[in-house]
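Okay, structure first, notes after.
Every heavy atom of this structure was used, including side-chain atoms; hydrogens, water molecules and symmetry mates were not. Just so we're on the same page: letters track the sequence lines, and every chain starts at 1.
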Amino acid sequence: MQKRYTTFCISFDTPFGWLTLEATTKGLKRIRIGKFCDVEIKLGKNVGVPINRDDYRWVVRLLKKAKNDILDYLRGQVVGAIHKLPLHLDELTPMQIKLLRELKKIKYGETISYKELAECVGTSARACGRLLGSNPFPIIIPCHRVICSDGSLGGYSGGLNLKRKLLKLEHKS
DNA sequence: GGCACACACGAAC
DNA sequence: GTTCGTGTGTGCC
């Protein structure tokens with residue numbers, strides 16, 4: 001039986017549109033494109049492990065730091081900080097975790113094809129596409145740096161327009 | 001569990 | 001441009 005954790009969320013406006021971050025006491029759990037939270041820090045359903053005041057403070061600090069780091073990244077200022085944020089990976093499959101680790105290795109401004117990525121993790125390009133489509137950490141895990149081997153963009157869970165903008169941001173700086 | 005199905009692909013024709 | 005093989009996750013039974 002998998003442990004369940006209380007989640008907190010925060011929504012904020014960025015140059016690329018609204019983002020919503022979800023976090024637990026183990027780290028960031030999900031990034032969603034859009035506004036799903038209407039107060040500064042929202043407590044989600046308290047579904048599992050009770051949390052104390054210190055845990056609460058830690059999650060709130062994490063959400064605020066993640067927000068600032070993402071904003072810095074999207075403004076093209078500090079680009080490395082978002083990759084150091086703690087992530088809550090308990091609900092991901094081993095294959096997803098392996099793929100996310102490979103993705104983290106892609107440097108800022110570089111791109112890789114689905115095929116190359118597939119070779120790194122020992123699977124097929126089709127499977128990579130399937131896994132990337134369910135990447136819960138767009139932007140932090142740079143799945144926008146994965147493109148088709150013919151140079152076309154492929155797809156993106158946050159929309160191709162966002163993928164194009166993120167690549168443009170990285171290439172001009 | 002087992003199965004069918006859906007996919008952000010690639011390669012061969 | 002069409003077709004097929006591919007690996008994985010998900011939902012249904």
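- Side-chain proximity of A:Y156 to B:dA8, B:dC9, C:dG7: nearest is B:dA8.
- At the phosphate of C:dG9, neither OP1 nor OP2 sits under 4.0 Å from any side-chain N or O atom of A:S134.
- When distances run from any side-chain atom of A:M95 to the nucleotides C:dT6, C:dT8, B:dA8, the shortest one goes to C:dT8.
- Between A:N135 atom CG and C:dT8 atom P there is a gap of 17 Å when expressed in whole angstrom units.
- The distance between atom CZ of A:R126 and atom P of C:dG7, rounded to the nearest whole Å, is 13 Å.
- Spacing between atom CD of A:E119 and atom C1' of C:dT6 amounts to 14 Å, rounded to whole angstrom units.
- From A:Q96, atom CD reaches atom CZ of A:R101 across 12.5 Å, with rounding to the nearest 0.5 Å.
- Taking only side-chain atoms of A:L131, from C-beta outward, the nucleotide of C:dT6, C:dG9, B:dA8 with the closest atom is C:dG9.
- Cation-pi geometry between A:R32 and A:F36 is satisfied (NZ or CZ under 6.0 Å from the ring centre, within 45° of the ring normal).
- Between the NE2 atom of A:H144 and the C1' atom of B:dA8 there is a distance of 14 Å, given to the nearest Å.
- A sub-4.0 Å separation between OP1 or OP2 of C:dT8 and a side-chain N or O of A:T123 is present.
- For the pair A:E110 and A:R145, the salt-bridge criterion is not met [side-chain N within less than 4.0 Å of a carboxylate O].
- Protein atom NZ of A:K98 is 12 Å distant from nucleotide atom P of C:dG9, rounded to whole Å.
- Within 4.0 Å (heavy atoms only), A:A127 reaches at least one base atom of the nucleic acid.
- Close to B:dA8, at under 4.0 Å from its OP1 or OP2, lies no side-chain N or O of A:S157.
- Counting any heavy atom pair closer than 4.0 Å across all strands shown, A:L132 reaches a base atom.
- Distance, A:F137 CZ to B:dA8 P: 19 Å, rounded to whole Å.
- Rounded to whole Å, the distance from NZ on A:K115 to C1' on B:dA8 is 18 Å.
- Nucleotide C:dT2 forms a pair with B:dA12, judged by Watson-Crick or G-U wobble geometry with both contacts under 3.5 Å.
- Contact annotation: the side chain of A:P136 approaches that of A:L92 to within less than 4.5 Å [non-hydrogen atoms, C-beta and beyond].
- Between A:Y114 atom OH and B:dA11 atom P there is a gap of 14 Å when expressed in whole angstrom units.
- At least one side-chain heavy atom of A:L19 sits less than 4.5 Å from a side-chain heavy atom of A:I139.
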